[in-house]
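Written below as structure tokens is the structure these notes are about.
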Amino acid sequence: MNCQEVMELMQRSLDGDLDSHETSRMMEHIRTCPECAAMYERLTRLSNNLAQLPRVVPRFSIVDSILPRLEELPIGPAADDAAREEAESGVPAATPSRSSRPNRKTYRRLAGAIAAGVVAGLIIISNPFSWMSGSSNDNDAASMSEAGLLSKAGEPASAPAEEKMSANSSSSAAGGDESAMNDQAAPSSNRAIEPETPAANTESADDKQLDVRFMESLRTDETVSGDKAKTESADAGRQAAANSQPPSDAPQMTLQIAPSPPASADGGSEADMSVSGAQAVSKSGTTFPAAIAPAFVWASPDGKYKATVEEERMKVYETSENKLVFQSDVRSGHKIGSVRWDEDSANLHYSWTDADGKTVSYRWEAATGRENAEAVAEAVTRSGVADDSGNAEGTAGAGAGAGSATDGGAGSGSGGGTQSGATGQ
Amino acid sequence: MVEPDLIKAAQAGDRDALVALLREIEHQVYRTAYYLLNNEQDAMDASQEALIRIYTKIHTYEEKAQFRTWVQRIVTNICIDKFRRSRPSVSIDEHELVFRAGDDVEGEVMAVYASEEIREAIDKLPEHHRTVVVLRYLQDFSYNEIAESLNLPLNTVKSYLFRARQQLQALLRDYQKGGVRG
């Protein structure tokens, strides 16, 4: 047995961890090895000293000192948050510091409010043509004249601009890391103050088209070439004409619930979507987590049903009992679009667009509770920029009553663009 | 030893029972904090924090663990966090772990270390070694109880404790040799 092994035995002996056999082996070694004997002495003495360290007690009762605070604290499972806060606050006695420091919940609430504000702002100015004029201004000065057409249509809309401004300032005040939404809100708000503002007022109060697309993947306008920007602006002009048609009474919303494919300079459905106002939104750097998608509910005009998109399917609930009366198949990776109810609430129209840009329109019939496919639009093959309008012609987004028959761009629900399809119906 | 009934009442939401329970454990909490932090004020702060956490987290205690090891886990975690925040990590050079013997054996054997010296030596240990020593000697915990408190394997606990004692005896011996004691 060497000294190192004996060291372990000596250590364990201090903790009463040796059996009699081990003890006798250790003692045998120590008798013949003065070094280990000395070490054993020292360790034993140390251990005894450690065991005799004074059992210090606090000068005053710690429980008494925290009693007033304890009475304020919740106990039980609901106390978890509070406890975490306490733990983070370091010295517990410093109660006043709690009020001076906004907690996470505050940030979350703030972020939520900001997000709501930004969404509201986007909806107000979400007339896709206004966005397009904005983006074309950004990208190509040659398109100014067409954008100008739009801005002639009305007075500068100060209200939306203000709303965007405030959303912007509060989001930057809130600090970046609390919410992803918050991060993303800032750039979009910044951009929104730019040239599209004059155009925003082309959306009159009775134009109820809403076109909000939530992009999960981040895209930037770098992916849009100048050429395409021109095309967009051309479309913008045509669609502006469409917009001048009597607007639909049925509110229209487009909601993208699936992650979009990564942006590519030449990319099929991506490029198609660039003709939509929603794309202009996404180009501004706005991305929203899909998580907020369920907030969108399309109520039938008679109030009897509510349609919503959950778990990548269309679901219809009976409003009175909140009973699920219909759910579609799961459309994984699809985008829902052109959701609208008939005036008489007899049918719910919507369309799904898959990752390849193929759009299928459906009609859900309240009387039967069944879903019927209405029309299929093939994926747009993008051979050139001109395809934007060309393909739009052939696209039958649900409820896409072409607003302007003279140009193919109007009312286009092209490829990925389930968006503005119903503009002029 | 805290009565199981008191713990149950506290977990059921009886605030008086919870406060009574805290009174029973406040000294053991403070003692650990004091020897881990080697500072009265820090120990008070850490103890308050630990007691508040126990107060709000009592419902998460499960009977499969010993109550006192659960309490010590909370207080040691708080102290280690505090320690990391307040000072740079201290480590002991490896050479001090070298098994030294043979020189001037008799001269030191008879010496008795003052508790002040021991406390300062403990303070020089790396945090895990210190924690193990404190639980072993100030809470009279077994290897198993230490392992449960610190969520460490048994062998790791032993290794920390053995190394800590070796370091301590080396430190204290140097102390004496340095002529601090007359």
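Proteins get letters first, then strands, A, B, ... in listed order; numbering begins at 1 in each.
- Formation of a donor-acceptor pair under 3.5 Å by the B/R165 side chain with backbone atoms of A/L46 is not found in this model.
- Closest approach of A/R55 and B/Y137 over heavy atoms only: NH2-O, 3.1 Å.
- Heavy-atom minimum distance, B/R15 versus A/P74: NH2-CA, 3.9 Å.
- For the set A/A37, A/S65, A/S61, the entry with the most heavy-atom pairs within less than 4.5 Å of chain B is A/S61.
- Counting heavy-atom pairs closer than 4.5 Å to chain B, the top residue among A/L70, A/V57, A/L43 is A/L70.
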Please assess A/M10 against B/F162 for the test side chain to side chain contact (heavy atoms under 4.5 Å, CB included), listing each intermediate value before the final yes or no. CA-CA 9 Å; A/M10 290 192 294; B/F162 297 174; over 6 Å; no

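- Looking at B/Y143 and A/R12, their side chains come closer than 4.5 Å, going by heavy atoms from C-beta outward.
- With a 4.5 angstrom heavy-atom cutoff, B/I78 does not touch chain A via any of its atoms.
- Other residues, nucleotides and ligands contribute only 12 or fewer heavy atoms inside 6.0 Å of the CD atom of B/E3.
- Closest of all the heavy-atom pairs between A/P54 and B/Y35 is O-OH, 2.7 Å.
- Heavy atoms from other residues, nucleotides or ligands lying under 6.0 Å from CD of A/E28 number 12 at most.
- For the pair B/Q166/A/Q11, a side-chain contact is recorded, criterion being any heavy-atom separation below 4.5 Å from C-beta on.
- Atom CD in B/E116 sits 10.5 Å away from atom CG in A/L53 (nearest 0.5 Å).
- Residue B/V29: no heavy atom, backbone or side chain, is found under 4.5 Å from chain A.
- Contact annotation for B/Q28: neither backbone nor side-chain heavy atoms come within less than 4.5 Å of a heavy atom of chain A.
- To the nearest 0.5 angstrom, B/E40 atom CD is 3.5 Å from A/R59 atom CZ.
- Contact of A/L67 with chain B is made through the side chain alone, with heavy-atom distances under 4.5 Å.
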Show, in sequence, the C-alpha distance, side-chain angles and deciding distance for A/D64 and B/R23, and conclude whether the side chain to side chain contact (heavy atoms under 4.5 Å, CB included) test is met. CA-CA 9 Å; A/D64 283 347; B/R23 287 191 192 285; 2.8 Å; yes

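- Using a 4.5 Å cut-off on side-chain heavy atoms (C-beta onward), B/L172 and A/R45 make no contact.
- With a 4.5 Å cut-off on side-chain heavy atoms, A/I62 and B/H27 do not count as touching.
- Going from atom CG of A/L50 over to atom CG of B/L138 covers 8.5 Å, rounded to the nearest 0.5 Å.
- In the displayed structure, B/E63 atom CD is contacted under 6.0 Å by at most 12 heavy atoms of other residues, nucleotides or ligands.
- Residue contact with chain A, scored on non-hydrogen atoms closer than 4.5 Å, involves the side chain of B/Y34 exclusively.
- B/Q169 places no side-chain N or O within 3.5 Å of a backbone atom of A/R42 that could act as its donor or acceptor partner.
- Residues of residues 15-22 of chain A placed with any heavy atom under 4.5 Å of a heavy atom in chain B are listed by number as A/D15, A/D17.
- For B/S115 and A/Q52, the side-chain atoms include no donor-acceptor pair closer than 3.5 Å.
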